[in-house]
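Everything below concerns the one structure shown next.
No experiment lies behind these values; they were computed from the predicted model shown.
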Amino acid sequence: MRFTPQFLDELRARLSVSEVVGKRVKLKKAGREWKGLSPFQQEKTPSFYVNDQKGFYHDFSSGKHGDIINFVMETDGVPFGEAVERLAGMAGLPLPAVTPDAARHEQRRRTLHDVMELAAKFFSETLASRVGAKARGYLADRAISPATQLQFRLGYAPPPPERFALKEHLGKLGVSVEDMIETGLLVAGNDIPVPYDRFRDRVMFPITDLRGRVIAFGGRALEKDVPAKYLNSPETPLFHKGDNLYNHQTARKATHDGSALIVVEGYVDVIAMVTAGFPGAVAPLGTALTENQLALLWKMADEPILCFDGDRAGQKAAYRAADLALPFLAPGKSLRFALLPEGQDPDDLARSGGRGAIEEVIAAARPLADMIWSRELEGGNFATPERRAALEARIKELSNGIRDEVVRRYYRDDFVERLQRTFAPDGGRGGFAGRGNFRQGGGRPFQPRGGQANRFGGQGFGGGRRGPPGPTPLPSGPYQAASPQLATSPIMRGQRSAISRREALILQCLINHPWLLHDHLEEVAALELAHPEAHKLRAGIIAAFANDHHHSPDPGEQAEKMRGDIEKGGFSQILQRVEGGITTAAVWGAREGAARDDVLSTWHQLVALHRQYHSLLRELKDAELALGEDPSEANLAWLRDVKARLAEVDGTEALIEGFGELSGRFQKSV
């Protein structure tokens with residue numbers, strides 16, 4: 001473990017909570033504490049408190065609570081390690097190195113980062129000079145203003161006959177030729193007697209890492225007859241193009257603050273999207289999307305939107321991305337695809353139609369399953385049974401490539417329904433309507449009504465049935481015991497009764513108030529639920545919510561329909577066990593008939609506590625492991641601190657229940 005409890009304690013000791021929070025929140029002294037407006041949601045009356053003596057903050061409006069590390073993670077959307085690094089820099093505390101070799105390696109990387117920073121300043125200054133007039137003209141033609149040029153730190157590499165302009169400039173600043181070669185700024189080799197500048201007569205786009213440090217460059221040629229229109233830095237100790245994204249740092253913060261994550265193809269496209277009001281725009285670096293880049297995208301958003309050019313190449317890029325993502329799909333993790341009008345890229349669209357035109361394209365983004373289905377039908381001739389069988393085999397092969405069992409099952413169900421509706425859209429009377437076209441919309445992908453997925457019943461991929469099949473009930477229990485003895489054992493009974501009260505209340509909120517899913521569906525899907533039956537019921541709730549009748553304006557009717565669908569789906573026993581896990585009826589906002597504001601307040605507090613609880617559980621495991629390896633007083637203090645914070649979570653839960661009881665009495669009185 002790189003950051004020991006002793007290091008973290010020293011970090012917390014050097015930085016008060018009010019000092020860290022005060023950089024983002026205007027705080028006022030309130031007795032022994034500080035107070036201010038919540039940084040997590042809009043409010044008019046301060047409900048955000050900081051206590052330096054106890055070393056934590058608490059936001060009553062959102063339920064968020066934690067120390068300086070939690071605060072940086074929550075407000076900046078960064079992982080634990082990066083939050084610690086930022087705070088250490090603020091405190092002037094050197095980061096511990098894992099090994100002496102690692103320390104030397106880190107020092108070497110810092111040196112190379114310094115070289116890249118000097119190069120970025122050189123290119124920026126050249127763009128602003130008389131030599132950069134042609135490049136400034138190009139940027140003006142692309143509607144990239146001087147302010148935007150500064151925002152993205154754009155630059156210019158001098159034109160021929162200059163071959164050593166950057167090399168000579170950096171040399172005067174004490175940078176060695178070896179460092180310039182290692183960072184990819186110079187072209188060198190056994191057959192090159194004198195290394196020379198890699199970038200010449202190009203508009204320069206600095207590529208940064210998640211800490212904003214320049215790690216590479218992309219250069220756009222200004223002359224038409226240059227072999228490579230775009231030229232990127234080569235692979236270096238700082239830069240691996242398949243592991244990075246253009247505008248990654250800014251987009252991560254923007255998506256954390258609620259912006260959509262939109263993937264476009266090039267540097268100028270990203271700049272156009274950001275200028276038009278879409279700060280969560282990123283681009284791969286001169287290659288097709290890679291597995292590592294896909295993982296980076298899913299860390300920022302559950303369903304990134306891929307926005308490709310409206311030409312054949314853009315469509316092919318979309319299909320490649322769909323094929324890449326398919327094996328790695330997970331519950332809640334997918335892609336959407338927004339295809340632009342033919343012949344246009346995001347830059348064209350932003351300049352011609354502005355934000356409104358882009359919003360229309362984004363709003364029409366299609367799910368991954370639609371893209372796969374369209375691709376398989378595109379230009380196909382399915383006039384014979386053999387060709388339709390080949391299509392079915394291909395669809396089955398694609399769905400079988402999904403590694404996650406649950407997602408794979410739902411994809412197979414979805415494709416089964418699409419196949420059956422396509423070939424028998426009129427209730428089984430035969431739906432094939434001519435060569436290469438399906439009766440239903442000339443090959444357009446079928447949109448299942450109400451989102452009802454059909455279970456795969458072991459009759460082959462299509463089951464041999466004609467017409468849309470009726471839904472098969474889900475199994476009623478989450479356990480498939482190997483023997484009757486195991487099925488009735490105390491182990492299984494103990495698991496069934498282990499649903500936590502908090503998870504039960506979260507699920508009860510969704511059942512009694514399905515309208516919550518309109519705005520919180522992604523949040524619900526991402527919740528970390530400890531009990532397998534809670535997982536099952538959540539899946540049933542989400543599937544039931546897709547039915548149109550859950551969009552009724554009457555909240556009572558919504559709840560009644562939701563409960564009916566859950567019971568029809570075979571979840572009655574799980575539902576009873578969930579309700580049995582609720583040992584108090586005092587949480588008014590989770591019950592039917594609660595006012596909308598009470599429901600929302602209860603929901604936000606429950607979810608915030610739930611996330612904090614799981615975060616503390618992970619820290620508790622780390623503390624116990626550390627204490628086992630090193631039974632020092634510091635590790636023991638860390639363990640006690642985590643347990644105390646867990647107790648605080650339980651205490652806050654009790655406050656919610658008490659508030660809920662008062663709210664319920666008030667509701668009944670009026």
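Residues Leu326 and Leu398 form a side-chain contact, since some pair of their non-hydrogen atoms from C-beta on lies under 4.5 Å apart. Inter-residue side-chain proximity for Leu297 and Leu245 is flagged as met; some heavy-atom pair is nearer than 4.5 Å. Between His248 and Thr208, every side-chain heavy-atom pair lies at or beyond the 4.5 Å cut-off. Within the 4.5 Å cutoff, no side-chain heavy atoms of His513 are placed close to those of Met562. Under the 4.5 Å side-chain criterion, counting only non-hydrogen atoms from C-beta, Asp414 is not in contact with Tyr411. Contact check for Val214 versus Asp209: no side-chain heavy atoms found under the 4.5 Å cut-off. Residues Glu528 and Arg618 form a side-chain contact, since some pair of their non-hydrogen atoms from C-beta on lies under 4.5 Å apart. Between Trp603 and Ile506 the shortest side-chain heavy-atom distance falls below 4.5 Å.
Taking CG of Leu627 as the reference point, atom CH2 of Trp638 lies at 10.0 Å (rounded to 0.5 Å). The structure places CG of Leu306 at 11.0 Å from CZ of Arg336, a figure rounded to the nearest 0.5 Å. Between the CZ atom of Arg538 and the CG atom of Leu507 there is a distance of 8.0 Å, given to the nearest 0.5 Å. A distance of 12.0 Å separates CE of Met116 from CZ of Arg213, quoted to the nearest 0.5 Å. Separation of atoms OG (Ser61) and CD (Gln605) is listed at 9.5 Å; rounding is to 0.5 Å. Here the NZ atom belonging to Lys26 is positioned 15.5 Å from the CZ atom belonging to Phe48, to the nearest 0.5 angstrom.
No more than 12 heavy-atom neighbours from other residues, nucleotides or ligands sit within 6.0 angstrom of NZ on Lys23. Summarising the local packing, NZ of Lys253 is surrounded by more than 12 heavy atoms from other residues, nucleotides or ligands at distances under 6.0 Å. Other residues, nucleotides and ligands place more than 12 heavy atoms under 6.0 Å from the NZ atom of Lys333.
For His604, the ring pair (Phe, Tyr, Trp, His ring centres under 6.0 Å) test picks out His520, with sequence neighbours left out. Partners of His614 by ring pair (Phe, Tyr, Trp, His ring centres under 6.0 Å), not counting sequence neighbours, listed by chain and number: His610. Under the ring pair (Phe, Tyr, Trp, His ring centres under 6.0 Å) criterion, Phe56 pairs with His65, sequence neighbours left out. Scanning for side chain to side chain donor-acceptor pair (under 3.5 Å) contacts around Asn292 gives Asp243, with sequence neighbours left out. By the side chain to side chain donor-acceptor pair (under 3.5 Å) test, Trp298 is found to be paired with no residue, residues two or more places apart in sequence or in another chain being considered.
Using modelled atom types, one side-chain atom of Arg408 and one backbone atom of Arg403 make a donor-acceptor pair closer than 3.5 Å. Listed for the Ser233 side chain is a donor-acceptor partner under 3.5 Å among the backbone atoms of Phe217. Looking only at distances, a side-chain donor or acceptor of Gln293 sits under 3.5 Å from a matching main-chain atom of Thr290. At least one donor-acceptor pair closer than 3.5 Å links the side chain of Asp52 to the backbone N or O of Val17. Without hydrogens or angle criteria, Asp404 side chain to Val407 main chain gives a donor-acceptor distance under 3.5 Å. Judged by distance alone, the side chain of Thr236 and the main-chain N or O of Thr183 form no donor-acceptor pair under 3.5 Å. A donor-acceptor pair under 3.5 Å links the side-chain atoms of Glu43 to the main chain of Ser47, judged by distance alone.
With respect to the salt-bridge test (charged N to carboxylate O, under 4.0 angstrom), the residues Asp323 and Arg320 do not qualify. Taking 4.0 Å as the cut-off between side-chain N and carboxylate O, Arg645 and Asp641 count as a salt-bridged pair.
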- [ ] Check step by step if side-chain contact (heavy atoms from CB on, under 4.5 Å) holds for Ile69 and Leu87.
- [x] CA-CA 8 Å; Ile69 300 173; Leu87 290 167; 3.8 Å; yes
Open item on the list: Go through it in stages, so that I can follow the logic: the residues are Leu517 and Leu510, the test is side-chain contact (heavy atoms from CB on, under 4.5 Å), and I'd like the CA-CA distance, side-chain angles, deciding distance and then a yes or no.
Closed with: CA-CA 7 Å; Leu517 287 154; Leu510 297 174; 4.2 Å; yes
TODO: Starting from the C-alpha separation in whole Å, work towards a yes-or-no answer on side-chain contact (heavy atoms from CB on, under 4.5 Å) for Arg14 and Leu93.
DONE: CA-CA 9 Å; Arg14 289 198 183 193; Leu93 187 62; 3.4 Å; yes
TODO: Would you sort out whether Leu620 and Leu639 count as a side-chain contact (heavy atoms from CB on, under 4.5 Å), showing the intermediate values?
DONE: CA-CA 7 Å; Leu620 180 64; Leu639 182 62; 3.4 Å; yes
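Aromatic ring centres of Tyr57 and Tyr49: separated by at least 6.0 Å.
When all heavy atoms of Ala281 and Val270 are compared, the closest pair comes out as O-CG1, 3.7 Å. Nearest heavy atoms, Ile207 versus Leu285: CD1-CD2, 3.8 Å. Minimum heavy-atom separation, Ala321 to Leu335: O-CD1, 4.1 Å. Ala91 and Leu11 make their closest contact through CB-CD1, 4.0 Å (heavy atoms, listed as atom of the first residue, atom of the second, distance). Here the closest heavy-atom approach between residue Val50 and residue Ser18 is recorded as CG1-N, 3.7 Å. Nearest approach of Leu294 to Leu289, heavy atoms of both residues: CD1-CD2, 4.3 Å.
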Under 3.5 Å, which donor-acceptor pairs link side chains of residues 74-82 to any protein atom two or more places apart or in another chain?
unit_1	atom_1	unit_2	atom_2	d
Glu74	OE1	Lys64	NZ	3.3
Thr75	OG1	Phe71	O	2.7
Asp76	OD1	Arg24	NE	3.3
Asp76	OD1	Arg24	NH2	2.2
Asp76	OD2	Arg86	NH1	2.8
Glu82	OE1	Arg252	NH1	3.0
Glu82	OE1	Arg252	NH2	2.9
Glu82	OE2	Arg86	NH2	3.0
Glu82	OE2	Arg252	NH2	2.6

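If you check the side chains of Ser601 and Asp598, you find no donor sitting under 3.5 Å from an acceptor. Side-chain contact annotation: Glu619 with Ser615, donor-acceptor N/O pair under 3.5 Å absent.
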